[in-house]
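Heads up: the structure comes next, in structure tokens.
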Amino acid sequence: MKSNAKSATGFFAAVWRVVAQIPFGRVASYGQIASMLGNPRAARTVGWALHSLPEGTDVPWHRVINARGRISMDCGEHSPELQRLLLLQEGVMFDDKGYINLQLFQWRPEIDDSFPAAY
DNA sequence: ACAATGACATAAG
DNA sequence: GCTTATGCCATTG
């Protein structure tokens with residue numbers, strides 16, 4: 001069986017659920033999501049959950065980046081430039097080095113609204 | 001149950 | 001700041 005949603009246990013579903021809650025124009029790190037799930041060290045599993053996303057998913061996987069505010073390692077199938085474009089479409093800005101200003105764009109459940117660009 | 005994998009995180013050089 | 005090495009966790013074969 002392919003590693004599809006049905007094969008995934010609650011953890012994957014939990015990851016997708018959390019990612020789906022990331023508001024427009026915001027980004028979250030793998031470790032952050034893992035922490036929300038109660039496993040701050042399970043960042044790798046979070047990344048893997050996103051890699052196992054079904055094709056027709058509604059999960060904004062592109063809003064998930066690494067802790068440094070940068071797009072994660074570009075593996076063959078995954079296109080980092082695609083993720084960058086998707087984020088740019090949402091108003092997330094990258095600096096010359098490809099970094100995102102986490103101070104402005106990192107998702108905080110406490111705030112959860114306020115468009116960062118309005119800063 | 002064991003070994004290997006992976007879109008990460010952190011520490012050290 | 002970038003590269004390399006180690007650790008952590010859940011899933012898969």
Side-chain angles (χ1 to χ4, degrees):
Chain A
M1 295 292 282
K2 294 177 171 184
S3 5
N4 278 335
K6 296 175 183 173
S7 303
T9 59
F11 199 91
F12 275 34
V15 172
W16 304 333
R17 189 183 67 173
V18 173
V19 174
Q21 292 171 42
I22 303 175
F24 183 92
R26 293 282 182 145
V27 295
S29 66
Y30 300 91
Q32 181 181 351
I33 295 171
S35 298
M36 293 178 185
L37 299 178
N39 298 305
R41 304 297 191 228
R44 305 205 66 168
T45 313
V46 173
W48 204 1
L50 295 179
H51 190 214
S52 297
L53 276 170
E55 296 182 7
T57 184
D58 296 334
V59 177
W61 57 268
H62 52 272
R63 291 178 188 152
V64 185
I65 56 179
N66 61 10
R68 295 180 183 170
R70 210 176 193 190
I71 300 196
S72 33
M73 37 166 89
D74 44 310
C75 24
E77 305 302 318
H78 164 246
S79 303
E81 55 182 283
L82 173 62
Q83 184 169 6
R84 192 182 74 179
L85 290 174
L86 288 170
L87 289 172
L88 287 172
Q89 288 181 16
E90 300 196 346
V92 178
M93 300 186 217
F94 292 77
D95 64 14
D96 296 339
K97 297 179 183 176
Y99 285 91
I100 298 174
N101 188 333
L102 294 176
Q103 189 174 261
L104 292 178
F105 297 107
Q106 186 168 48
W107 174 41
R108 286 192 173 183
E110 299 177 343
I111 299 178
D112 95 20
D113 79 304
S114 307
F115 195 65
Y119 184 86

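A note on names: the letters A, B, ... follow the listed sequences, proteins ahead of strands, and every chain is numbered from 1. Because the structure is a prediction, the values reported are computed rather than measured.
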Measure from the side chain of A/Trp48, starting at C-beta and using heavy atoms only, and say which of B/dA7, C/dC9, B/dT5 lies closest.
-> B/dT5

Does A/Ile22 have any side-chain contact (heavy atoms from CB on, under 4.5 Å) partners at least two apart in sequence or in another chain, and if so, which?
->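 With sequence neighbours excluded, A/Ile22 shows a side-chain contact (heavy atoms from CB on, under 4.5 Å) to A/Val19, A/Arg26, A/Ala28, A/Arg63, A/Val64, A/Trp107, given in chain and number order.
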
Across all chains, not counting sequence neighbours, the side-chain contact (heavy atoms from CB on, under 4.5 Å) partners of A/Arg70 are A/Asn66, A/Tyr99

Any donor-acceptor pair under 3.5 Å from A/Gln21 side chain to A/Arg17 backbone = yes

Report yes if some heavy atom in the side chain of A/Leu53 is under 4.5 Å from a heavy atom in the side chain of A/Phe12; otherwise report no.
-> no

Should A/Asn101 and A/Asp95 count as side-chain neighbours, where that means a heavy-atom distance under 4.5 Å?
->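 A/Asn101 does not reach A/Asp95 side chain to side chain.
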
Hphob cluster co-occupancy, A/Leu82 + A/Met73, side-chain heavy atoms under 4.5 angstrom =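 Different clusters: A/Leu82 never reaches A/Met73 through Ile, Leu, Val, Met, Phe, Trp or Tyr contacts under 4.5 Å.
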
Quickly work out the [X] [atom1] to [N] [atom2] distance and round it to whole Å.
| X | N | atom1 | atom2 | result |
| --- | --- | --- | --- | --- |
| A/Arg70 | B/dA7 | CZ | C1' | 15 Å |
| A/Phe11 | C/dT12 | CZ | P | 13 Å |
| A/Asp96 | C/dG1 | CG | P | 14 Å |
| A/Ile33 | B/dA7 | CD1 | C1' | 11 Å |

Do nucleotides 8-13 of chain B as a string where each nucleotide becomes B, S or -: B if the base has a protein heavy atom under 4.0 Å, S if just the sugar-phosphate does, - if no protein is that close.
-> BSB---

